[in-house]
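Since the structure comes first, as C-alpha cells, the remarks are kept for the end.
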2 protein chains.
Amino acid sequence: MGNDRVSKGRVTIREVAERAGVSTATASRALSGNHPVPPATRARVLRAARDLDYVANAHARALVGGGRKMAAVVVRQVTSPFYAQVAEGVEAEAADRGWLCVVGATGGDAQREMEFVQLMREEGARLVILVGGVVEDDAYRERVAHYAHALDSSGARLVLCGRPAPDPEIPALVVEFDNEAGARAITAHLLSAGHRGIVFLGGLPGNTALDARVTGYRAALAEHGLPPEAAHVVDCGLGRAAGHRAMTELLKSTGEFTAVFAGDDMVAAGALRAIADSGLRVPGDISVVGYNDIPLAEDFNPPLTTVRTPAEELGRAAVRIALRDPEHAAGAHHLLGTHIVVRDSVGAPPPGRAL
Amino acid sequence: MGNDRVSKGRVTIREVAERAGVSTATASRALSGNHPVPPATRARVLRAARDLDYVANAHARALVGGGRKMAAVVVRQVTSPFYAQVAEGVEAEAADRGWLCVVGATGGDAQREMEFVQLMREEGARLVILVGGVVEDDAYRERVAHYAHALDSSGARLVLCGRPAPDPEIPALVVEFDNEAGARAITAHLLSAGHRGIVFLGGLPGNTALDARVTGYRAALAEHGLPPEAAHVVDCGLGRAAGHRAMTELLKSTGEFTAVFAGDDMVAAGALRAIADSGLRVPGDISVVGYNDIPLAEDFNPPLTTVRTPAEELGRAAVRIALRDPEHAAGAHHLLGTHIVVRDSVGAPPPGRAL
DNA sequence: AGCGTCAACGTAAAGGTTTTCAGAGCCGGA
DNA sequence: TCCGGCTCTGAAAACCTTTACGTTGACGCT
C-alpha cells in the first residue's frame with residue numbers, strides 16, 4: 001500500500017488498473033468516459049488515478065485514435081499586434097473545445113512555412129490556419145495547392161485567413177475581412193469631411209488584402225463622382241518605417257492632397273510621425289486614417305480614426321467555421337464585416353488647400 | 001508501379017520499406033539518420049519515401065522515444081506586446097533546434113494555468129516556460145511547487161520568466177530581467193536631469209517584478225541623498241486605462257512632482273494621454289519615463305524615454321539556459337541586463353516648479 | 001584454410017492506450 | 001426450465017516507429 005510511485009518513469013494505465021483491481025480496458029473506459037462504466041467501478045478507477053498522479057500519454061492516445069485535437073496557426077510574426085490578436089482568437093477558440101494550439105512564425109519565409117506545414121502533418125494537426133496577406137504569385141499558388149492536398153490526404157483541414165485560395169477547386173476554406181467594403185467606407189468618411197485629394201499610402205501590388213483596400217478606395221472615389229485620376233496610390237508596402245519614409249517623400253512633393261489613407265495603422269504611425277516632424281498638424285493641415293484599429297491606435301497623436309477589423313474574431317471564426325460542418329466548409333469563402341472607428345485624426349481640409 | 005497511395009489512410013514506414021525492398025528497421029535508420037546506412041540503400045529508401053509522400057508519425061516516434069521535442073510557453077495574453085515578444089523569442093529558439101512551440105494564454109486565470117500545465121504533461125512537453133509577473137501569495141507558491149514536482153517527475157523542465165521561485169529547493173529555473181537595476185538606472189536618469197519630485201505610477205504590491213522596480217526606484221533616491229519620504233508610489237496596477245485614471249487623479253492632487261516613472265510603457269501611454277488631456281506638456285511641464293520599451297514607445301507623443309528589456313532575448317535565454325546543462329540549470333537564478341533608451345520625454349523640471 | 005571482425009540488415013519486442021470481440025453472469029419473459 | 005438479450009468486463013489486437021539483438025556474409029590476417 002505504501003509503495004506508490006516508487007518505480008521510475010511515468011505512471012501508466014496498467015498501474016492504475018492494477019491498483020483499482022480492473023483491467024486496462026475498464027480503466028481506459030472509466031478515464032476517458034468513452035464507454036459507460038458502473039459508478040462504483042468508475043469511482044475506484046478515478047481514485048486510483050488520482051492517488052498515483054496518473055497522467056495519460058497523449059501520444060499513445062493519438063496513435064490509436066489516429067489524429068489529435070490540435071490546431072496550428074501560422075503567422076509572419078507573433079509580435080505584430082494584428083497577428084497576435086488573430087492567434088489569440090484561435091488559441092481561445094481552440095482552448096474552449098479542449099484543443100491544443102501551436103503557433104508557427106515564418107518571418108515571411110516561404111521555406112519555413114513549408115517546413116512548418118510539414119511538421120504539422122507529422123504531428124497530426126487537424127486544423128492548419130495560415131494567416132496574413134501575401135503576394136499571390138505562381139510560387140504561392142503552387143505552394144498552397146500542395147498544402148491543401150497534403151493536408152487533405154492527412155485528414156486535416158486548411159484555412160486561409162486573409163489570403164486567397166488560388167483555385168476554387170482546392171480543399172481550403174477562406175475566411176477574411178471584407179477589405180473592399182472597409183476601405184470604401186473609410187474613404188467615404190474622408191470624402192464626406194470634404195476631402196478630395198486623398199492619397200492611399202501603403203500599396204503592395206499582389207497583396208490581395210491591400211489590393212482589395214485599394215479597390216475599395218477607388219470605388220468610393222468613383223461613387224462620389226471623382227475621375228479615376230483622382231486616385232493616388234503610393235506603393236510603399238507596410239510597416240512603420242515604410243510609412244515614415246513614404247510620407248516624408250510625399251510631403252516634399254508638390255502633389256495636392258489634404259488627407260492620407262494609410263494601408264494599416266503601422267503605416268499611419270509612421271506617417272503621423274513624418275507629418276509631425278515636418279511641422280504640420282493633424283488634422284489641422286492633413287487628415288489621416290489607418291486600417292485595423294490596433295490597440296494603441298487610440299493613443300496615437302492624435303488618436304487615429306481607423307477601420308476596426310476584429311482580429312480576434314477572425315481567429316475564432318476560422319476555427320469555428322472550419323470545425324462546424326467540414327463537408328460544406330472546404331472551398332467556401334467567408335467575409336467578415338468591419339466598421340469605422342471615428343477618433344480625432346480627421347477634420348475638414350484646411351481652407352487654403354481645399355480643392 | 002502505378003498504384004501509389006491507392007489505400008486510404010496515411011502511408012506508413014512499412015509501405016516505404018516494402019517499396020524500397022528493405023525492412024522497416026533499415027527504412028527507419030535511413031529516414032531518421034540515426035544509424036549509418038550505405039548510401040545506395042539510403043537513396044532507395046529516400047526515393048521511396050518521396051514517391052509515396054511518406055510523413056512520419058510523430059506520435060509513434062514520441063511513444064517509443066519517450067518524450068518529444070516540444071516547448072510550451074504560457075503567458076497571460078498573447079496580444080500584450082511584451083508577452084508576444086517573449087513568446088516570439090521562445091518560438092524562434094525552439095524552431096532553431098527543430099522543436100515545436102505551443103503557446104497557452106491564461107488570461108490571468110490560475111485554473112487555466114493549471115489545466116494547461118496538466119495538458120503539457122500529457123503531451124510530453126520537455127520544457128514549460130511560465131512567463132509574467134504574479135502576486136506571490138500562498139496559492140501561487142503551492143501551485144508552482146506542484147508544477148515543479150509534477151513536471152520534474154515527467155522528466156520536463158520548468159522555467160519561470162519574471163516570476164519568483166517560491167523555494168530554492170524546488171526544481172525550477174528562474175530567468176528574468178534585473179528590474180531593480182533597471183529602475184535604479186532610469187530613476188538616476190531623472191535625478192540627473194534635475195528632478196527631485198518623482199512619482200512611481202503603477203505599483204502592484206506582491207508582484208515581484210514591480211516590487212523590484214519600486215525597490216530600485218527607492219534605492220536611487222537614497223543614493224542621491226533624498227530622504228525615504230521623497231518616494232511616492234501610486235499602486236494603480238498596470239494597463240493603459242489604469243495609468244490614465246491614476247495620472248488624472250494625480251494631476252488633481254496638490255502633490256509636488258515634476259516627473260513620473262511609469263511602471264511600464266502602457267501605464268506611460270495612459271499617463272501621457274491624461275497629461276495631454278489636462279493641457280500640460282511633456283517634457284515641458286512634466287517628464288515621463290516608462291519601462292519595457294515596447295515597439296510603439298518611440299511613436300508616443302513625445303517619444304518615450306524608457307528602459308529597454310529585450311523581451312525576445314528573454315524568451316531565447318529561457319530556452320537556451322534550460323537546455324544547456326540540465327543538471328546545473330534547476331534551481332538557478334539568471335538575471336538579464338537592461339539599458340536605458342533616451343528619447344524626448346525627459347527634460348529639465350520647469351523653473352517654477354523645481355524643488 | 002581457418003578464424004576473427006565488422007558492416008549490413010532483418011526479426012521482434014517495446015512503448016501506452018483504445019477498441020473490438022467475446023465470454024460471463026444476470027434478469028425477465030415464454 | 002430455457003433462452004434471448006443485456007450489462008459488465010477482460011483478453012488481445014491494433015496504432016507506427018525505434019532499437020536491441022541476432023544472423024549473414026564479406027574481408028583480411030595468420
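Numbered from 1 within each chain, the chains take letters A, B, ... in sequence-line order. Any value given below was found using the heavy atoms of this structure, including those in side chains, with hydrogens, waters and symmetry copies removed.
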Listed partners of Arg320(A) passing side-chain hydrogen bond (donor to acceptor under 3.5 Å, both in side chains), at least two apart:
Glu313(A)
Only counting residues at least two apart or in another chain, list the ones meeting side-chain hydrogen bond (donor to acceptor under 3.5 Å, both in side chains) with Arg47(B).
Asp51(B)
Apply salt bridge (charged side-chain N to carboxylate O under 4.0 Å, His left out) to [X] and list each qualifying residue two or more places apart in sequence or on a separate chain.
| X | answer |
| --- | --- |
| Arg163(B) | Glu113(B) |
| Arg29(A) | none |
| Glu136(A) | Arg141(A) |

Nearest heavy-atom approach of Met114(A) to Arg143(A) is CG-CD, 3.9 Å
What's the separation between atom [atom1] in [X] and atom [atom2] in [Y], rounded to the nearest 0.5 Å?
| X | Y | atom1 | atom2 | answer |
| --- | --- | --- | --- | --- |
| Ile13(B) | Ser23(B) | CD1 | OG | 9.0 Å |
| Leu63(A) | Arg61(A) | CG | CZ | 13.0 Å |
| Met120(A) | Arg126(A) | CE | CZ | 14.0 Å |

Using whole Å, report how far [atom1] of [X] lies from [atom2] of [N].
| X | N | atom1 | atom2 | answer |
| --- | --- | --- | --- | --- |
| Leu63(B) | dA14(D) | CG | C1' | 13 Å |
| Arg44(A) | dT9(D) | CZ | P | 8 Å |
| Ile13(B) | dC16(D) | CD1 | P | 12 Å |
| His59(B) | dT18(D) | NE2 | C1' | 16 Å |

Which is the 5'-most and which the 3'-most nucleotide of DNA chain C that has an atom under 4.0 Å from a heavy atom of chain A?
dG16(C) to dT20(C)
Residues passing the side chain to side chain contact (heavy atoms under 4.5 Å, CB included) test with Ala318(A), sequence neighbours excluded, are Ile129(A), Val159(A), Cys161(A)
I'd like to check the side chain to side chain contact (heavy atoms under 4.5 Å, CB included) partners of Asp167(A); sequence neighbours left out, ordered by chain and number.
Glu169(A), Ile170(A)
Side-chain N or O of Tyr54(B) less than 4.0 angstrom from OP1 or OP2 on dC16(D)?
no
Ignoring backbone atoms, establish whether Thr26(A) has a side-chain N or O less than 4.0 Å from OP1 or OP2 of dG10(D).
yes
Give me the residues of residues 29-42 of chain B where at least one heavy atom lies under 4.0 Å from an atom of DNA chain C, by number, or none.
Arg29(B), Pro38(B), Thr41(B)
Over all strands shown, is Thr12(A) touching base, sugar-phosphate only, or nothing at heavy-atom distances under 4.0 angstrom?
sugar-phosphate
Check every strand shown and say whether Ala56(B) touches a base, only sugar-phosphate, or nothing at a heavy-atom separation below 4.0 Å.
sugar-phosphate
Pairs touching residues 82-103 of chain A that satisfy side chain to side chain donor-acceptor pair (under 3.5 Å), sequence neighbours left out
Glu88(A)-Thr79(B), Glu93(A)-Arg97(A), Glu93(A)-Arg316(A), Asp96(A)-Arg316(A)
Can you give one letter per nucleotide of nucleotides 22-27 of chain D, going 5' to 3': B for a protein heavy atom under 4.0 Å from the base, S for sugar-phosphate only, - for none?
------
Treating Ser80(A) as the side-chain partner and Gln77(A) as the backbone partner, does any N or O pair qualify as donor plus acceptor under 3.5 Å?
no
In short, the helix from dA1(C)-dT30(D) to dA30(C)-dT1(D) is bent end to end, axes from five pairs each side, to 10°, by 50°
